[in-house]
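Quick note: numbers below take in every heavy atom, side chains included, and nothing from hydrogens, waters or symmetry partners. Numbers here simply count residues along the sequence, with the first being 1.
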Amino acid sequence: MKADIGFGGQSRAIYAQNPLESRGRLFPEPDSPTRTPFQRDRDRIIHSSAFRRLKHKTQVFVYHEGDHFRTRLTHTIEVSQIARSLARALRLDEDLAECLALSHDLGHTPFGHEGEDVMHECMAPYGGFDHNAQSLRVVTHLEQRYAEFDGLNLAWETLEGLVKHNGPLIDANGAPLGKFKGGQLPFAIRDYAKQQDLLLHTWPSAEAQAAAIADDIAYDAHDLDDGLRAGLFAIEDMRDVPFLADILEEVDGKYPGLEESRRIHEIVRRSITRMVEDVIREAVRNLNEVAPQSVQEIRMAGRCLVGFSQDMTAAEKEVKRFLFARVYRHEDVLAVRKLVARVVRDLFARFHAEPDLMPKPWNSGLGNLSETEIARLVCDYIAGMTDRYAIEEHRRLFDDTPDLG
């Protein structure tokens, strides 16, 4: 069956994930009479405590810096919109793509990637920390809302796509791949694998691949937008990046003298559009080349089928290099990152030494836990914090909380 672009409610492609063929849930539940399994998963994710906390978790700029900068929640919504657009164009299951977009950052710490880096440093003696693995832990263990099980009891396909956000985690012989090569998989993944096989050696569904590339597209676009609006670099600086320079020339040619705020928006929206359209074209080409006849053949294709073309891959890397130099390594951003790193490091050290200082129910049953188990408990507690709650906890425990203002 030849792949093409589908709009206007066309039928699901043969290689799309059919919700009626889901592998089910770890804890069996009656089917919903009004929702598919993936629509039900979406609703559970949106109503979770972890999802609500994304509102006050940092992307790049900490929570106090302005109402118009992205948070984990606004980023998540943007990823969801792009993932659904890709899924619709490729005739995939939009609801599954949306589930994966909505859940992909549930395990992120406060204070963005700086928080994650410090948490990994603190947890190094106890197996390390990885936010993708923590997202799996959130939806399978830490959300405790239902009478019959811990976690959200999401469908197998949702968990598979969530844990394999960046592709296969192990090879056919079980050896870790990618950033885990030469070591071991994160605790949360190894722990859950004892209960359910998520086929960690294969690629995930096309829907999961669409959500993953949507994350990259949204990340690049909103960091350009936020960086410009924060004054970390000027519009003219983008001429150093051919991909952005071409967009800037297009905008200025069509709208000479456009006011800066509109000029920024036109640049950002065109960046998103070009990347999305590139993914669709490349995915159609890949799908026609591989000609998968089922979602399982997507998993066994041996490579990502929904991603950037070679040219866009190179262009996107240039955008990321620009953002790294002009935004992530900007002296103002680094100054704040240094302060928030201290907050996370202090909290971990204090709670690990005195876990009874954590509030209920986190400080219950501590006498039966090993040092490693206490460290994991402290990690779970801190990783779930919002930026401002982490600051509040630091003020409760220390007399010298950094002033982020």
Side-chain angles (χ1 to χ4, degrees), residues 26 48-50 53 57 103 105-144 149-153 159 162-166 169-170 174-198 200 340-386 389-390 393-394 396-398:
L26 181 62
S48 69
S49 298
R53 288 196 297 270
K57 289 196 177 191
S103 60
D105 266 353
L106 291 179
H108 242 299
T109 63
F111 308 124
H113 287 291
E114 185 67 21
E116 179 177 15
D117 291 345
V118 174
M119 187 60 68
H120 181 63
E121 168 196 310
C122 293
M123 287 296 294
Y126 313 103
F129 177 85
D130 176 81
H131 83 267
N132 282 336
Q134 191 71 9
S135 294
L136 178 70
R137 187 161 169 79
V138 167
V139 301
T140 60
H141 176 66
L142 294 177
E143 282 287 326
Q144 299 185 353
F149 46 77
D150 288 343
L152 303 180
N153 199 30
L159 296 178
L162 179 61
V163 76
K164 294 190 285 190
H165 183 68
N166 295 312
L169 297 175
I170 57 175
L177 296 172
K179 64 182 179 180
F180 306 121
K181 189 173 182 178
Q184 62 179 357
L185 297 181
F187 165 80
I189 297 174
R190 289 184 283 112
D191 188 53
Y192 190 75
K194 299 173 186 175
Q195 303 179 77
Q196 192 174 36
D197 183 4
L198 296 176
L200 301 180
V340 299
R342 192 182 119 209
V343 170
V344 176
R345 198 174 285 114
D346 286 349
L347 288 176
F348 185 88
R350 177 62 65 84
F351 287 134
H352 191 220
E354 303 176 72
D356 57 304
L357 291 176
M358 292 187 292
K360 293 181 180 180
W362 295 95
N363 62 2
S364 301
L366 297 173
N368 299 320
L369 300 182
S370 67
E371 180 183 355
T372 296
E373 289 171 328
I374 289 175
R376 182 62 55 188
L377 185 69
V378 172
C379 174
D380 289 339
Y381 177 50
I382 296 175
M385 292 181 181
T386 62
Y389 183 67
E393 282 290 83
H394 196 277
R396 177 171 73 89
L397 298 170
F398 299 92

Begin from the C-alpha positions of R376 and E373 and carry the test salt bridge (charged side-chain N to carboxylate O under 4.0 Å, His left out) through to its verdict. CA-CA 5 Å; R376 182 62 55 188; E373 289 171 328; over 6 Å; no
Between M385 and I382, is a side-chain contact (heavy atoms from CB on, under 4.5 Å) present by the stated rule, with each step listed? CA-CA 5 Å; M385 292 181 181; I382 296 175; 4.2 Å; yes
Using the side-chain contact (heavy atoms from CB on, under 4.5 Å) rule, take L26 and N153 through it: C-alpha gap first, then chi angles, then the decisive distance, then the call. CA-CA 6 Å; L26 181 62; N153 199 30; 4.0 Å; yes
Evaluate the side-chain contact (heavy atoms from CB on, under 4.5 Å) criterion for residues E393 and Y381: first the C-alpha distance (whole Å), next the side-chain angles of each, then the deciding distance (0.1 Å), finally the verdict. CA-CA 11 Å; E393 282 290 83; Y381 177 50; 2.7 Å; yes
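Heavy-atom minimum distance, L185 versus F180: CD2-CD1, 3.8 Å. Taking every heavy atom of both residues into account, L366 and D356 meet most closely at CD1-N, 3.6 Å. The heavy-atom pair separating R396 from L357 by the smallest distance is NH2-O, 2.9 Å. Minimum interatomic distance between I189 and L169 (heavy atoms only, all atoms of both residues): CD1-CD1, 3.8 Å. The nearest pair of heavy atoms linking F348 to A375 is CE1-O, 3.9 Å. Minimum interatomic distance between A383 and K57 (heavy atoms only, all atoms of both residues): O-NZ, 2.7 Å.
Within the 4.5 Å cutoff, no side-chain heavy atoms of L198 are placed close to those of K164. Contact of the V344 side chain with the V340 side chain is not registered, since no non-hydrogen atoms from C-beta on lie closer than 4.5 Å. Side-chain contact check for M123 versus F187: every heavy-atom pair is 4.5 Å or farther apart. Residues Q134 and L142 form a side-chain contact, since some pair of their non-hydrogen atoms from C-beta on lies under 4.5 Å apart.
Using cut-offs of 30° and 60° for the angle between ring planes, the H352 and Y126 rings count as perpendicular.
The main-chain N or O of A50 is found under 3.5 Å from a side-chain atom of E143 such that the two form a donor-acceptor pair. At least one donor-acceptor pair under 3.5 Å links the side chain of T109 to the backbone N or O of E116. Checked by atom type and distance alone, the side chain of H131 never pairs as donor or acceptor with a backbone atom of G107 at under 3.5 Å. Looking only at distances, a side-chain donor or acceptor of R53 sits under 3.5 Å from a matching main-chain atom of G384.
Separation of atoms CG (L397) and CZ (F351) is listed at 4.5 Å; rounding is to 0.5 Å. Between the CG atom of L347 and the CE atom of M119 there is a distance of 8.5 Å, given to the nearest 0.5 Å. Taking CD1 from I374 and SG from C379, the interatomic distance works out to 14.0 Å, rounded to the nearest 0.5 Å.
Between L136 and the choices D130, D191, L159, the side chain to side chain contact (heavy atoms under 4.5 Å, CB included) rule is met once, by L159.
For NZ of K179, the number of neighbouring non-hydrogen atoms (other residues, nucleotides, ligands) closer than 6.0 Å is greater than 12.
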